[in-house]
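Numbers restart at 1 for each chain; the letters A, B, ... are given by sequence-line order, proteins then strands.
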2 protein chains.
Amino acid sequence: MSQKDHPQAHDHEHNHSHADAKDKFLERLKEQGFKLTGKRQMIVDTLLEEDRYISAKELLERMQKVFPRLSFDTVYRNLHLLKVEGIIEESTFGDGGSKYRITCDTNQHHHHYICTVCGKTELVEGCPMDLLGITAPRGFQIESHRFEIFGQCGECH
Amino acid sequence: MSQKDHPQAHDHEHNHSHADAKDKFLERLKEQGFKLTGKRQMIVDTLLEEDRYISAKELLERMQKVFPRLSFDTVYRNLHLLKVEGIIEESTFGDGGSKYRITCDTNQHHHHYICTVCGKTELVEGCPMDLLGITAPRGFQIESHRFEIFGQCGECH
DNA sequence: ATCAATGCAAACCTTTTGCACGCGT
DNA sequence: ACGCGTGCAAAAGGTTTGCATTGAT
């Protein structure tokens with residue numbers, strides 16, 4: 001690789017809670033023997049800064065400004081790892097496959113308002129599984145659920 | 001086309017409500033100038049009989065027993081039309097892209113329990129948008145929402 | 001030094017499209 | 001006869017994988 005990695009940080013690390021969250025995430029990876037490469041860190045950085053759903057393609061394009069030779073497979077491999085580790089969330093809406101966002105700090109169960117234009121999210125208060133009188137059909141074993149409210153955020157319409 | 005079409009019906013049309021629903025759907029298509037081809041009808045038939053989420057691939061394979069030369073593009077073109085017409089619903093869960101099911105007779109707003117193994121569904125009573133005290137973030141314009149409960153049905157676990 | 005991460009290229013899978021022909025009306 | 005529907009083939013997206021090399025620890 002001719003390009004240089006930047007293990008410490010890149011420019012926009014101006015936000016304390018971001019830095020804290022990043023450290024927490026990277027710590028988790030480190031403990032399991034995964035390596036803290038510049039690209040892996042930049043994915044976490046970017047998702048923390050953007051704080052919205054981003055496609056693999058958009059992520060790639062943003063990161064290529066810093067790592068010109070970065071390729072889709074690296075992005076996807078890292079996204080997969082980060083998803084398995086619970087560091088990011090995946091959703092599919094609109095066109096063009098999956099989109100990803102950083103998991104909320106708290107890591108608590110939650111649902112989102114999602115802007116279908118820019119991918120920005122807001123937390124929904126409460127969870128339908130608690131507030132709806134959910135009684136599963138006889139024999140049905142509930143494993144998970146999905147609740148998302150789509151629309152356009154104030155800046156996008 | 002060397003194969004024969006079956007405009008009236010194929011074998012399993014044993015259920016009255018299915019026949020009624022089918023007529024209603026086909027009527028709707030006819031009014032708009034779409035033609036009631038054997039393949040289009042068999043997609044509706046199959047989805048009515050199965051009454052669960054099915055992938056384009058599974059649909060193709062089932063239908064190829066009757067129409068050996070049926071191809072993906074025809075399946076997709078018809079699925080797209082049926083979706084636009086509100087005759088079928090699309091969802092993405094599990095692997096392998098979208099899955100489709102016939103829209104409930106009533107055509108009322110609803111949500112589903114979905115078996116992730118076989119795609120079978122049950123209606124959820126109530127809608128979180130009504131029962132949750134939804135107050136969108138300032139400026140956020142709600143356009144739609146998604147609420148699905150995943151798990152395994154009695155026959156699949 | 002070790003083992004994970006990456007780039008490259010190719011493959012894979014689902015879905016879409018252009019075109020000429022066939023079929024429902 | 002008209003115009004939608006279909007098959008074929010090819011392409012377009014998004015995503016994954018094998019392999020050799022590079023890099024983090």
For [X] and [N], is the shortest distance between a side-chain N/O and OP1 or OP2 below 4.0 Å?
{"X": "Arg69(A)", "N": "dC8(C)", "answer": "yes"}
{"X": "Ser55(A)", "N": "dG14(D)", "answer": "no"}
{"X": "Lys35(B)", "N": "dC2(D)", "answer": "no"}
{"X": "Thr74(A)", "N": "dG7(C)", "answer": "yes"}
{"X": "Ser71(A)", "N": "dC8(C)", "answer": "no"}

Minimum-distance nucleotide (side-chain atoms of [X] versus [options]):
{"X": "Leu70(A)", "options": "dG7(C), dT25(C), dT6(C)", "value": "dG7(C)"}
{"X": "Phe72(A)", "options": "dG7(C), dT17(C), dT15(D)", "value": "dT15(D)"}
{"X": "Phe34(A)", "options": "dT15(C), dA4(C), dG5(D)", "value": "dA4(C)"}
{"X": "Lys39(B)", "options": "dG7(D), dA24(D), dT16(C)", "value": "dG7(D)"}

Between [N] atom [atom2] and [X] atom [atom1], what is the distance in whole Å?
{"X": "Ile43(B)", "N": "dG5(D)", "atom1": "CD1", "atom2": "P", "result": "12 Å"}
{"X": "Gln32(A)", "N": "dT25(D)", "atom1": "CD", "atom2": "C1'", "result": "16 Å"}
{"X": "Glu31(B)", "N": "dT25(C)", "atom1": "CD", "atom2": "C1'", "result": "15 Å"}
{"X": "Gln41(B)", "N": "dG24(C)", "atom1": "CD", "atom2": "P", "result": "10 Å"}
{"X": "Leu82(A)", "N": "dA5(C)", "atom1": "CG", "atom2": "C1'", "result": "13 Å"}
{"X": "Glu58(A)", "N": "dG14(D)", "atom1": "CD", "atom2": "C1'", "result": "16 Å"}
{"X": "Met42(B)", "N": "dT6(D)", "atom1": "CE", "atom2": "P", "result": "13 Å"}
{"X": "Leu36(A)", "N": "dT6(C)", "atom1": "CG", "atom2": "P", "result": "11 Å"}

Are any non-hydrogen side-chain atoms of Ile114(A) and Ile149(A) less than 4.5 angstrom apart?
-> no
Arg77(B) side chain near Arg40(B) side chain, heavy-atom distance below 4.5 Å = no
Donor on one side chain, acceptor on other, Thr92(A) and Thr92(B), under 3.5 Å | yes
Side chains of His145(A) and His111(A): donor-acceptor distance under 3.5 Å anywhere?
-> yes
Tell whether Asn78(A) reaches the base of dA5(C) with its side chain through a donor-acceptor pair below 3.5 angstrom.
-> no
Would you state whether a donor and an acceptor, one from the side chain of Lys57(B) and one from the base of dC13(C), lie under 3.5 Å apart?
-> no
Flag the pair Lys99(A) and Glu58(A) as a salt bridge only when some basic side-chain nitrogen lies within less than 4.0 angstrom of an acidic carboxylate oxygen.
-> no
Any ion pair linking Lys22(B) and Asp45(B) (charged N to carboxylate O, less than 4.0 Å)?
-> yes
Given DNA chain D, 5'-ward residue of the pair Asp73(B) and Arg40(B), judged by closest heavy atom = Arg40(B)
5'-most contact on DNA chain C (nearest-nucleotide basis), Leu81(A) vs Tyr100(B), goes to Leu81(A)
Checking all strands, does Ser98(A) fall into the base, sugar-phosphate, or nothing category for heavy-atom contacts under 4.0 angstrom?
-> sugar-phosphate
